[in-house]
J.: 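The structure's right below; bear with me while I get my questions together.
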Number of protein chains: 2
Amino acid sequence: MDLFVSKYINKIDKKGRVSLPSSFRNVLPKANRNEIILYKSIKTPSIEGCGVGRLKEIAKRINNLDFFSEDYDDFSTSIFSEIVTTNVDKEGRFLIPEELKLYAGIKTEVAFFGQGHFFQMWEPKQGLKNTEDARRRLLKEKKSLRMMLTQQK
Amino acid sequence: MDLFVSKYINKIDKKGRVSLPSSFRNVLPKANRNEIILYKSIKTPSIEGCGVGRLKEIAKRINNLDFFSEDYDDFSTSIFSEIVTTNVDKEGRFLIPEELKLYAGIKTEVAFFGQGHFFQMWEPKQGLKNTEDARRRLLKEKKSLRMMLTQQK
DNA sequence: CATATACCCATTGACGCCCATATATTCCCA
DNA sequence: TGGGAATATATGGGCGTCAATGGGTATATG
């Protein structure tokens, strides 16, 4: 499986370390399995993360913008300066920068939510509430969740 | 990671030295790890920096501008003639020329902002404000910051 | 000779690396 | 197929190393 799926709740220890769920570690390419990138989610009070490979794609995309345009600077600043890289130790643990923990209201536990090509980290209660809300919105708006899940490409 | 990412705020000591963030040092080629180039940002009151290898890329970008346009001369002059090289000492510190510090309003602290293939140095408060402004502009113009981060190739 | 800058050494706190344990999971064999 | 052993995962903690910072002294450069 090369996608981030399922959800997990892990503890943050005294040193601030938290285990990246094993199944998430396996999604990372064997090469850069000891480094991930984190950044603030744009729409929610959560942290998003993924492997460094993704960052290189983003860099390529930004590099294709007009170098002297304002957009270039805005994207470059908003993305590169906001992204942090974190090392994953041999036991699969990493540190969440203080600023990101504040942004997500994370203190002693982290809820990991697989999102396919990336994952989100939430303060557990808020995270669970968010998934409920998301599902409720889908049903309420009569989006056909069932179709979405069963249709073949 | 071979990109300048994240942001750091470091102090300038009595001798005018400031530490280049460790992760930035690692982006520089192992060969010329003791030398960086600095120049005034064209669009903002900040200093931009990168490894000497990046010069070629800058030259290429400028060459892609219309050779007979006013912009060509302006950029060419503004950047090349203003570039200064600085040595990074064994502890990873370097001196910021007085003129550049004045240009950026830097006094006792420097905020380093990763920008992918280069980085910017700001007076901390102005730098943080700039980041907020950049993000606001992108969101306001409905430029798809989210897509930039999450889309697949 | 005077000022600036490179080199060397020191300190402090953060972080990486290593080892340890408990629980959970998988595997293998009788 | 049941049960025990081997393995993996989440978690705890010791300790050495490195990064950021401070400062003394040699050296260079005009």
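Each chain gets a letter, A, B and so on, in the order the sequences are listed, and its residues count up from 1. In this text the structure is predicted, and so the values were computed from the model without any measurement.
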J.: Mind checking the CD1-CZ spacing from A:Ile37 to A:Phe118? Nearest 0.5 Å is all I need.
T.: 11.5 Å

J.: Heavy atoms under 4.0 Å is the rule here; annotate nucleotides 22-30 of chain D 5' to 3' with B where the base is hit, S where only the sugar-phosphate is, and - elsewhere.
T.: BBBB-----

J.: Starting from C1' on C:dG13, measure out to CG on A:Leu95 and report it in whole angstrom.
T.: 14 Å

J.: Using a 6.0 Å cut-off, check whether atom NZ of B:Lys125 has over 12 heavy atoms from anything other than its own residue.
T.: no

J.: Residues in side chain to side chain contact (heavy atoms under 4.5 Å, CB included) with B:Leu95, at least two apart?
T.: B:Arg17

J.: Cut-off 3.5 Å, no hydrogens considered: what does the side-chain donor-acceptor table look like for residues 106-116 of chain A, sequence neighbours left out?
T.:
from: A:Gln115; atom 1: NE2; to: A:Gln120; atom 2: OE1; distance (Å): 3.4

J.: Rest of the hydrophobic cluster containing B:Tyr103 (Ile/Leu/Val/Met/Phe/Trp/Tyr, side-chain heavy atoms under 4.5 Å)?
T.: none

J.: Please confirm whether the shortest side-chain N or O distance from A:Ser22 to OP1 or OP2 of D:dT9 is below 4.0 Å.
T.: yes

J.: Starting at OH of A:Tyr8 and ending at P of D:dT11, how long is that distance when rounded to a whole Å?
T.: 13 Å

J.: Using a heavy-atom cut-off of 4.0 Å across all strands, would you classify B:Leu20 as base, sugar-phosphate, or nothing?
T.: sugar-phosphate

J.: Enumerate the residues from residues 101-122 of chain B whose closest heavy atom to DNA chain C is under 4.0 Å, giving them by residue number; use none for an empty result.
T.: none

J.: Atom CZ of B:Arg33 and atom C1' of D:dC18: how far apart are they, to the nearest Å?
T.: 14 Å

J.: Return each pair, listed once, that meets salt bridge (Lys or Arg N to Asp or Glu O under 4.0 Å) where at least one residue sits in residues 78-92 of chain B; pairs must be two or more places apart or across chains.
T.: B:Lys40-B:Glu82, B:Asp89-B:Arg93, B:Glu91-B:Arg93

J.: I need the CD-P distance between A:Glu98 and C:dA14, as an integer number of Å.
T.: 11 Å

J.: Looking at A:Lys7, I'd like to know if its NZ atom is crowded, meaning that more than 12 non-hydrogen atoms belonging to other residues, nucleotides or ligands lie closer than 6.0 Å.
T.: no

J.: Just the rounded figure in Å: distance from C1' of C:dT5 to CD of B:Glu35.
T.: 15 Å

J.: Identify the heavy atoms of B:Glu123 and B:Gly105 that sit nearest to each other, and give their distance.
T.: CG-O, 3.2 Å

J.: Kindly give the heavy-atom pair with the smallest separation between B:Phe119 and B:Ile36, and that separation in Å.
T.: CZ-CD1, 4.4 Å

J.: What integer distance in Å separates A:Asn10:CG from C:dA24:P?
T.: 14 Å

J.: I need the CG-P distance between A:Asn87 and D:dC18, as an integer number of Å.
T.: 14 Å

J.: For B:Asp89 and D:dC18, what is the distance between atoms CG and P respectively, to the nearest whole Å?
T.: 17 Å

